[in-house]
Chemist: 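Here it is: the structure, laid out below.
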There are 2 protein chains.
Amino acid sequence: MLEAAWRVARERGIAAITLREVASGVGMRAPSLYEYFESKEAIYDAMFAEGYEAFLKIMPGPDDPSEPRPRAIAWIRRFFAFCRADVARYQLLFQPAIPGFHPSEDSMQLAGRALTTLDREMRAIGLTRPAAADLWTALVTGMVNQQIANDPGGDRWERLADEAAAMFIDHMERMEELV
Amino acid sequence: MLEAAWRVARERGIAAITLREVASGVGMRAPSLYEYFESKEAIYDAMFAEGYEAFLKIMPGPDDPSEPRPRAIAWIRRFFAFCRADVARYQLLFQPAIPGFHPSEDSMQLAGRALTTLDREMRAIGLTRPAAADLWTALVTGMVNQQIANDPGGDRWERLADEAAAMFIDHMERMEELV
DNA sequence: GTCTATACACAGATAGAC
DNA sequence: GTCTATCTGTGTATAGAC
């Protein structure tokens, strides 16, 4: 059911999902979907939650390098891979792609967990300023954004990912020394 | 005419413009708009061109500081101001906010001029690697993006703008020395 | 549970009178 | 040039038969 919705999203774009098409993807008619979801919004919400669950799984963990620089590089590479593996999912999670869509409380909580995990991660690599996480998210999403928007089939920004991560770590470590 | 379209865009969101509402904004009915524009797409296109013309005007120039660091800081501040002054315009120019909208050749040329100007600017402050402009656009749009999406009324990212610009310049200058 | 039929609301665009 | 009336299409959602 959600599987069919993702298929449509990937083919037509996340904002172009229609109930008719999702239903036809599972051999049904549109009204039958209301047995499983209260509304179209509820479908988006379930997809949003599913997306964040997948996202939480690819956050840095014990298997990653422990030194800040290689750890950040490993992480930005995986983030690129995650976003590019499913652009529709990327748009749903990280872009205001669906006018008027607001995730439910439950889903927002899931998204919040990603942020607290990120904060903990920053402290784990020795970055104590709150600015660290904010600057990092801006840099990383900016890189992926440019890549997907302006060079969807290439690697114009992806090949700069390591450099971006290194720039960030070098800068933040220098700032820490001043504290 | 375009003025009315911008008004609607600011009120309802750039993607939610309707011909009826634009028309009513100038005391007309929807069909009359076709005397001035071939289609709704043509209206978006004209707005897009107008937006980029305004954008070109705020790019760095002779009145800005000439030293790389303060010059980059002045520029990122002005970019924030430009985007936040009109979020609808920001979305039209820098975000894939309107599904299926593709600017005309003429408008794309205007957008291209912004990029060549940026390249020249990078060389003017001593950055010769092509990566410089790409990393800069990613960083700057990422910052604005996070600000508008996650803290529209605050300054959580805007207050980090100077630091981001400094981080970028410091990093790029160090890279130049290695060439 | 799934269907057909349909309500309802919008949108962009066109025809043709004035 | 501007209008009214309308076409055509698309979408979400509901009623009620099976």
Side-chain angles (χ1 to χ4, degrees), chain A residues 1-51 87-89 91-93 95-107, chain B residues 1-51 87-89 91-93 95-107:
Chain A
M1 182 103 272
L2 280 185
E3 183 48 46
W6 283 117
R7 261 200 311 274
V8 176
R10 277 178 222 119
E11 266 174 45
R12 294 263 207 273
I14 185 71
I17 288 182
T18 69
L19 298 184
R20 292 188 222 279
E21 209 167 0
V22 172
S24 114
V26 291
M28 283 181 168
R29 306 293 186 147
S32 304
L33 296 185
Y34 286 85
E35 290 291 321
Y36 305 92
F37 295 97
E38 281 204 331
S39 65
K40 186 188 185 182
E41 178 112 350
I43 295 181
Y44 276 132
D45 194 57
M47 295 170 81
F48 184 89
E50 206 170 89
V87 174
R89 179 178 63 189
Q91 290 172 331
L92 180 62
L93 301 191
Q95 297 248 340
I98 298 145
F101 168 62
H102 298 289
S104 65
E105 289 283 315
D106 286 357
S107 298
Chain B
M1 182 102 270
L2 281 184
E3 183 47 48
W6 282 117
R7 261 200 310 274
V8 177
R10 277 179 222 119
E11 265 175 47
R12 295 265 207 270
I14 184 70
I17 288 182
T18 69
L19 297 184
R20 286 169 168 85
E21 209 167 359
V22 172
S24 113
V26 291
M28 283 181 168
R29 305 293 185 147
S32 305
L33 297 185
Y34 287 86
E35 290 290 322
Y36 305 92
F37 295 97
E38 280 205 329
S39 66
K40 187 187 186 184
E41 177 112 349
I43 295 179
Y44 276 132
D45 194 58
M47 296 170 80
F48 184 88
E50 206 171 270
V87 174
R89 179 178 62 187
Q91 289 173 329
L92 180 61
L93 301 191
Q95 297 249 341
I98 297 145
F101 168 62
H102 297 291
S104 64
E105 288 283 315
D106 286 357
S107 297

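So you know, we letter chains A, B, ... as the sequences are listed, proteins then strands, and number each from 1. Since the model is a prediction, treat every value here as computed from it, not as a measurement. Computed over heavy atoms, backbone and side chain alike; hydrogens, waters and symmetry mates excluded.
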Chemist: Atom CZ of residue position B:R29 - does it have more than 12 heavy atoms of other residues, nucleotides or ligands inside 6.0 Å?
Modeler: no
Chemist: CE/B:M47 to CG/B:D45 distance, rounded to the nearest 0.5 angstrom?
Modeler: 11.0 Å
Chemist: May I ask you to say what B:I43 touches in the nucleic acid, namely base, sugar-phosphate or nothing, with a heavy-atom cut-off under 4.0 Å?
Modeler: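 Counting heavy atoms under 4.0 Å across all strands, no contact is made by B:I43.
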Chemist: Atom CD1 of B:I98 and atom C1' of C:dA11: how far apart are they, to the nearest Å?
Modeler: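 From B:I98 CD1 to C:dA11 C1': 15 Å.
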Chemist: As an exercise, state the distance from CG of A:L2 to OH of A:Y36, rounded to the nearest 0.5 Å.
Modeler: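 Rounded to the nearest 0.5 Å, the CG-OH separation comes to 12.5 Å.
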Chemist: Would you say CD of A:E3 has more than 12 non-hydrogen atoms from neighbouring residues, nucleotides or ligands within 6.0 angstrom?
Modeler: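 Atom CD in A:E3 is packed in, count exceeds 12.
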Chemist: Measuring from atom CG of A:L33 to atom CE of A:M1, what distance do you get when rounded to the nearest 0.5 angstrom?
Modeler: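 Separation between the atoms: 4.5 Å.
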Chemist: Listed in order of residue number, which residues of residues 18-30 of chain A have a non-hydrogen atom at under 4.0 Å from DNA chain D?
Modeler: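 Residues of residues 18-30 of chain A under 4.0 Å from DNA chain D: A:T18, A:L19, A:R20.
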Chemist: If I take atom NZ in residue A:K40 and atom C1' in nucleotide C:dC8, what distance separates them, rounded to the nearest angstrom?
Modeler: 16 Å
Chemist: Using modelled atom types only, decide if a donor and an acceptor are shared between the side chain of B:Y44 and the backbone of B:I14 within a distance under 3.5 Å.
Modeler: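 Side chain of B:Y44 to backbone of B:I14, a donor-acceptor pair under 3.5 Å: yes, one is there.
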Chemist: Taking atom CD of B:E50 and atom CG of B:L93, what is their separation to the nearest 0.5 Å?
Modeler: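 Here the rounded value is 10.5 Å.
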Chemist: Please work out which residues in residues 32-39 of chain A have a non-hydrogen atom less than 4.0 Å from an atom of DNA chain C and list them by number.
Modeler: A:S32, A:E35, A:Y36
Chemist: When you list every nucleotide of DNA chain D with an atom under 4.0 Å from a heavy atom of chain A, which one comes first 5' to 3', and which comes last?
Modeler: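 Reading along DNA chain D, I get D:dG11 to D:dT14.
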Chemist: OG1 of B:T18 to NZ of B:K40: how many Å apart, nearest 0.5 Å?
Modeler: 7.0 Å
Chemist: Quick check: are there more than 12 heavy atoms from other residues, nucleotides or ligands sitting under 6.0 Å from CZ of B:R12?
Modeler: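 At most 12 heavy atoms, drawn from other residues, nucleotides or ligands, come within 6.0 Å of this atom.
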Chemist: Roughly how far, to the nearest 0.5 Å, is CH2 of B:W6 from CD1 of B:I43?
Modeler: 12.0 Å
